[in-house]
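Below, all heavy atoms of this structure are taken into account, side chains as well, without hydrogens, waters or symmetry copies.
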Amino acid sequence: AIIDGVAVGIEVNCTEKTERNIDYATRLYHRYVTIDNKRYEFTKTIQISLNNYSFKGREDITEEVFTLRNDKGDWLTDKLQFMYFYIPAIRNVWYNGDRNKLTEAEKCILAYVEKDISEARKIARGDRIVEDYIEESQAVIEEDDFQEAYDHDKLNYEYGLLVGEERGE
């Protein structure tokens with residue numbers, strides 16, 4: 001998506017393998033390169049990774065920004081950035097009572113991934129956009145056919161497993 005002239009990609013990760021996110025970001029970066037009068041124009045690209053893991057020994061880090069720089073800190077480019085948010089660390093900060101230490105973005109992410117709707121409401125309190133998102137999510141969950149759609153998908157999945165077992169796959 002392009003937001004205020006910046007290409008933004010968002011990925012959720014459950015493993016520490018981030019090469020896929022680097023690939024997505026560079027593809028997004030290249031997609032918006034334009035040539036005007038033999039001059040290349042590059043669109044700033046930000047890849048946001050919502051990571052459902054923390055690195056051992058660094059469990060207290062909630063977010064990091066990676067850029068392309070040399071070992072002296074000189075920029076290779078400021079057009080490509082990677083933002084990593086570590087959900088377990090954000091959760092720990094929230095549940096250990098250090099709630100004021102979380103940034104607005106961290107609170108938003110935590111509210112989006114929180115499974116307990118009343119806890120999500122507490123996290124979102126005061127942020128109208130996130131509060132609206134939670135209410136809309138709750139309304140969708142309460143729709144009559146929501147569970148039916150889930151059951152249908154689950155049934156198809158289980159049927160696929162059964163067929164695969166019968167074929168020896």
Side-chain angles (χ1 to χ4, degrees), residues 1-94 98-115 120-121 123-141 143 146 149-150 153 156-157:
I2 298 288
I3 302 171
D4 294 330
V6 176
V8 178
I10 301 174
E11 250 332 280
V12 177
N13 303 296
C14 293
T15 69
E16 298 171 8
K17 306 272 189 225
T18 58
E19 287 84 2
R20 185 185 72 211
N21 291 10
I22 295 168
D23 179 52
Y24 291 158
T26 55
R27 288 174 190 247
L28 190 60
Y29 178 73
H30 289 285
R31 183 177 301 151
Y32 297 105
V33 172
T34 58
I35 302 172
D36 187 24
N37 292 330
K38 297 184 182 181
R39 182 176 148 85
Y40 285 89
E41 296 292 329
F42 297 93
T43 299
K44 183 170 187 167
T45 302
I46 300 174
Q47 177 68 30
I48 299 171
S49 297
L50 306 178
N51 300 319
N52 201 15
Y53 64 84
S54 294
F55 291 109
K56 188 174 181 169
R58 300 177 64 215
E59 292 86 359
D60 60 332
I61 296 174
T62 57
E63 77 180 75
E64 294 180 288
V65 176
F66 295 90
T67 57
L68 298 175
R69 297 181 187 208
N70 67 13
D71 56 353
K72 294 177 184 170
D74 300 322
W75 288 93
L76 181 60
T77 180
D78 64 348
K79 300 286 187 182
L80 186 58
Q81 294 182 347
F82 300 85
M83 297 181 72
Y84 280 36
F85 292 91
Y86 300 98
I87 294 168
I90 295 170
R91 222 179 233 123
N92 285 342
V93 171
W94 178 262
D98 297 332
R99 298 172 179 184
N100 293 331
K101 291 183 179 178
L102 292 178
T103 66
E104 187 176 332
E106 292 167 341
K107 287 180 186 175
C108 177
I109 291 165
L110 186 58
Y112 287 161
V113 300
E114 178 58 54
K115 293 177 184 174
R121 286 185 177 119
I123 296 165
R125 193 171 294 135
D127 187 325
R128 192 72 225 148
I129 292 171
V130 180
E131 288 174 343
D132 288 348
Y133 168 82
I134 291 168
E135 295 311 312
E136 185 177 326
S137 297
Q138 183 66 29
V140 168
I141 290 168
E143 289 178 359
F146 180 77
Y150 171 78
D153 288 342
N156 283 338
Y157 173 76

Nearest atoms (heavy-atom pairs only) where [X] meets [Y]:
X    : Y    : value
K44  : Q81  : NZ-NE2, 3.7 Å
I134 : A124 : CD1-CB, 3.5 Å
V8   : L28  : C-CD2, 3.7 Å
M83  : V65  : CG-CG2, 4.2 Å
C108 : V130 : SG-CG2, 3.7 Å
V33  : Y40  : CG1-CD2, 3.7 Å

| Side chain N70, main chain G73, donor-acceptor under 3.5 Å |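 Checked: pair present.
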
| task | Could you tell me whether a side-chain N or O of T67 sits under 3.5 Å from a main-chain N or O of R69, the two making a donor and an acceptor? | result |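 Such a contact is absent between T67 side chain and R69 backbone.
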
| task | Report the residues that fulfil ring-ring contact (aromatic ring centres under 6.0 Å, His included) with F66, sequence neighbours left out, ordered by chain and then residue number. | result |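 Partners of F66 under the ring-ring contact (aromatic ring centres under 6.0 Å, His included) test: Y84.
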
| Looking at residues at least two apart in the chain, or sitting in another chain, which of them share a ring-ring contact (aromatic ring centres under 6.0 Å, His included) with Y112? |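 Y112: ring-ring contact (aromatic ring centres under 6.0 Å, His included) contacts with Y133.
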
State whether [X] and [Y] are salt-bridged, where the test is any N-O pair (Lys NZ or Arg NE/NH1/NH2 against Asp/Glu carboxylate O) under 4.0 Å.
X    : Y    : answer
E11  : R20  : yes
E104 : K107 : no
K17  : E19  : no

| message | If you define the side chain from C-beta out and look only at heavy atoms, does anything of Q138 sit under 4.5 Å from R121? | response |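 Yes, at least one pair of side-chain atoms sits under 4.5 Å.
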
| Sub-4.5 Å side-chain heavy-atom contact between T62 and F85 |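 No, their side chains stay 4.5 Å or more apart.
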
| field | Pairs where residues 45-55 contributes a residue and the test side-chain hydrogen bond (donor to acceptor under 3.5 Å, both in side chains) is met, not counting sequence neighbours | value |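 Output for this query lists N13-N51, N21-S49.
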
| message | Can you tell me which residue among E64, E63, E59 is in a side chain to side chain donor-acceptor pair (under 3.5 Å) with Y86? | response |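 That would be E64; it is the only one of E64, E63, E59 passing the side chain to side chain donor-acceptor pair (under 3.5 Å) with Y86.
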
